[in-house]
Student: 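Once you've had a glance at the structure underneath, I'll fire off some questions.
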Protein chains: 2
Amino acid sequence: MDLPRLPATLADVADRAGVSRQTVSNAINNPDLLRPETLSRVQHAIDALGYTPNHAARQLRTRSSRLVGLRMSPAQEFTANMAMDRFVRALVEASRDAGYHVLLFAGEPLVEGELPAPMAGYDDLLRSTAVDAFVVTDTYLGNPQAAGLAERRAPFVAFGRPWDDAGARHPWVDVDGAAGAQLATEHLLERGHERIAWLGWQPGSRIGEDRRAGWHRTMTGRGLPTSGLEAATDDTVAAGRGAAAALLDAVGPTAFACASDTLAVGVLHTLAERRLRPGQDVAVVGFDDSQVAQVVPPGLTSVRQPLEQVAVELVRALSDLLGPRPHTSRGVLLEPTLAVRASTTR
Amino acid sequence: MDLPRLPATLADVADRAGVSRQTVSNAINNPDLLRPETLSRVQHAIDALGYTPNHAARQLRTRSSRLVGLRMSPAQEFTANMAMDRFVRALVEASRDAGYHVLLFAGEPLVEGELPAPMAGYDDLLRSTAVDAFVVTDTYLGNPQAAGLAERRAPFVAFGRPWDDAGARHPWVDVDGAAGAQLATEHLLERGHERIAWLGWQPGSRIGEDRRAGWHRTMTGRGLPTSGLEAATDDTVAAGRGAAAALLDAVGPTAFACASDTLAVGVLHTLAERRLRPGQDVAVVGFDDSQVAQVVPPGLTSVRQPLEQVAVELVRALSDLLGPRPHTSRGVLLEPTLAVRASTTR
DNA sequence: CTGAAAGCGCTAACAC
DNA sequence: GTGTTAGCGCTTTCAG
């Protein structure tokens, strides 16, 4: 099928079907209004011309772009966001199924010595009515975006709970980090480990505290000690490596549960240095089930967030939010699973 | 600053500045046409009202959305696309600097037993004039997208050479894979290795052949044998692992140069099984410098594609393509670099 | 159930 | 330099 120079318009279809433009519009947006015979005639004309409604014209009229905005921060090496790629793909798919596209945008370029503008990129998109809503993901940073968007009365949904804002009214979807750490810890307990260390982030991160709580409550529930068995560091491989070495020297844990794959990989580094075999000599569990966990030898057991489900729920919340009468659903908390690999298998 | 319920329009600004709508439009699009005093008065009104031109209205009028489309395939585990995240981020940044946003879309959902429609997603975007152009990335699949878009006379740029289509007229940006493999091989030669194996993809991939050629010509150039020193497998960790084991048994190479990080990680698996130390006993070089290469113990030396530069060149080509008189630049070939880590360091 | 008229917000062409 | 006119392609009234 060859496309003509200029895409067909409503008028072209109307001409060909021998009806008015209006009727074609109805055929698309309110097919029930048409007599079946007319409908099929219009449908044929649409197919024959390969007609698709002009996006801009429809957006101008309906004030809806069917676009959701997602801000991507610059690539950061050696650190978090290891699962961002998977999430973005899942979001794109879920959005397609709901008739949306994802508009990616960037913040301001970082300037040395200046704080990054938290709402950079959002305002222009909002005022130019280029997107219908936003998906906010980096809630772990303290999430000034959510507050900023709420203040601007912009529709948005968040991947991540509004930890610090009890008055938050926006829909959110999150994964139960405590449950994930509990899963990891129980898995290690089942494998016979008792001296299970927690390798976490420095205080101040609610996500980090949540995950740590899962380990702590599981250990305590079994009457096992936790004191001295934990370390808190930056979320980098190097930091995890150092902390793991210190813990091994101080208390000799037989297993590590970690707040991230990044830290878990740090543990693997230390084990490799000491010629300890992951899974055989010391067990390690990561968090996020990133690509790294999937391929790093010998395979890193990791808590897997159901990102596909997160995306579906986010889009569901979005559709509701943008629909005729928003249902004002509060939040959805999803359960992670455990991807078991050789790092916890003797 | 508090945003009003409805975003300000051109008319609002005109009223406030005491000029006509057209003058405001000129102030934005052709500031030179205004007398400085008028311009500054309009500018003040724009700032005061927080005015940003309505995207849909402008798009309808100018037939330009300032959006570039990028299709994302579903997440695939254990295989390629390891560097996609970095590329997307780079593309978003480069696009911002040129005044574009990136529209992400998905293909059709995969149906069991059916071939995926190569142009799924593209046609609708094209006919609805939702994007100005596309960026095509997965040229390694034989790239029916490029041909399809060319046939539809849709503006697009490709990350990847049009290997199989000498008549291709579209702009492209690519990274010299042969040069990358040469870099890797020379690095290993400098480290004293002579039995350097090539672990590549199965025949049929032009990218794979290109990379292999870099190894082959470097070895041959030094008068070193290559026969028996190579294997071709699927691009998976498991396949790389098996092929590495077979090569070690058959010819005992002291170093592996690989067509991808995925395969290199496969080699690392085999080394771990045999308690061989990467870098110390056997050297390994990957390709792509993915997150995995950066964090896998002890650190994987890898050929790094200059994705940020690729993104900049792609956007440059795009701007030219969409500009008033396209310059019809053919292609840009960029040089990779080598990220040296412990897997090649004794 | 179908058609005619109006207008979303903007910019390209032309007058003043 | 600035204002006026027209229209991009669509959907939302409102009549027939």
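Both backbone and side-chain heavy atoms feed into the values below; hydrogens, waters and symmetry mates do not. Letters A, B, ... are given to chains in the order of the sequence lines, protein chains preceding strands, and every chain is numbered from 1.
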Student: Listing request: all side-chain hydrogen bond (donor to acceptor under 3.5 Å, both in side chains) pairs with a residue in residues 318-327 of chain B, at least two apart in sequence or in separate chains.
Tutor: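 Listed once each, the pairs would be none.
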Student: Find every protein N or O atom lying less than 3.5 Å from an N or O atom of nucleotides 14-16 of chain D, and list the pairs.
Tutor:
none

Student: Could I get the full list of side chain to side chain contact (heavy atoms under 4.5 Å, CB included) partners for A/A117, not counting sequence neighbours?
Tutor: A/A120
Student: Show every ring-ring contact (aromatic ring centres under 6.0 Å, His included) that has at least one partner inside residues 86-114 of chain A, sequence neighbours left out.
Tutor: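 Residue pairs with at least one partner in residues 86-114 of chain A: A/F87-A/F159, A/F105-A/Y122, A/F105-A/F134.
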Student: Looking at every non-hydrogen atom in both residues, tell me the closest pair between A/A27 and A/L34 and how far apart they are.
Tutor: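 Here A/A27 and A/L34 meet closest at CB-CD1, 3.7 Å.
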Student: Decide whether B/R63 and A/N54 meet the rule of one side-chain donor and one side-chain acceptor closer than 3.5 Å.
Tutor: no
Student: Side chain to side chain contact (heavy atoms under 4.5 Å, CB included) with B/R61: which residues, sequence neighbours excluded?
Tutor: none
Student: Within the structure, does a side-chain N or O atom of A/T23 lie under 4.0 Å from either OP1 or OP2 of C/dG3?
Tutor: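 Indeed, a polar side-chain atom of A/T23 lies that close.
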Student: In the 5'-to-3' direction, what one-character label does each nucleotide of nucleotides 6-16 of chain C receive under the scheme B = base within less than 4.0 Å of a protein heavy atom, S = sugar-phosphate only, - = no such atom?
Tutor: BBBBBBBB---
Student: Return the set of residues passing side chain to side chain donor-acceptor pair (under 3.5 Å) with A/S64 (not counting sequence neighbours), or none when no residue passes.
Tutor: A/D132
Student: Ion pair present between B/E93 and B/R89, side-chain N to carboxylate O less than 4.0 angstrom?
Tutor: no
Student: Can you name the one residue among B/E37, B/H44, B/Q43 that meets side chain to side chain donor-acceptor pair (under 3.5 Å) with B/R41?
Tutor: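 Of all the options given, the one that passes is B/E37.
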Student: Output all residues satisfying salt bridge (charged side-chain N to carboxylate O under 4.0 Å, His left out) with A/D124, sequence neighbours left out; order by chain, then residue number.
Tutor: A/R127
Student: Let me check the geometry of the helix from C/dC1-D/dG16 to C/dC16-D/dG1. What is the bend angle between the axes at its two ends, five pairs each, to 10°?
Tutor: 40°
Student: Can you sort out the partners of A/F156 under ring-ring contact (aromatic ring centres under 6.0 Å, His included), two or more places apart, ordered by chain and number?
Tutor: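 In terms of ring-ring contact (aromatic ring centres under 6.0 Å, His included), with neighbours along the sequence ignored, A/F156 is linked to A/H170.
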Student: Heavy-atom contacts under 4.0 Å between residues 33-46 of chain A and DNA chain D, which residues?
Tutor: none
Student: Could I get the full list of side chain to side chain donor-acceptor pair (under 3.5 Å) partners for A/R316, not counting sequence neighbours?
Tutor: A/E313
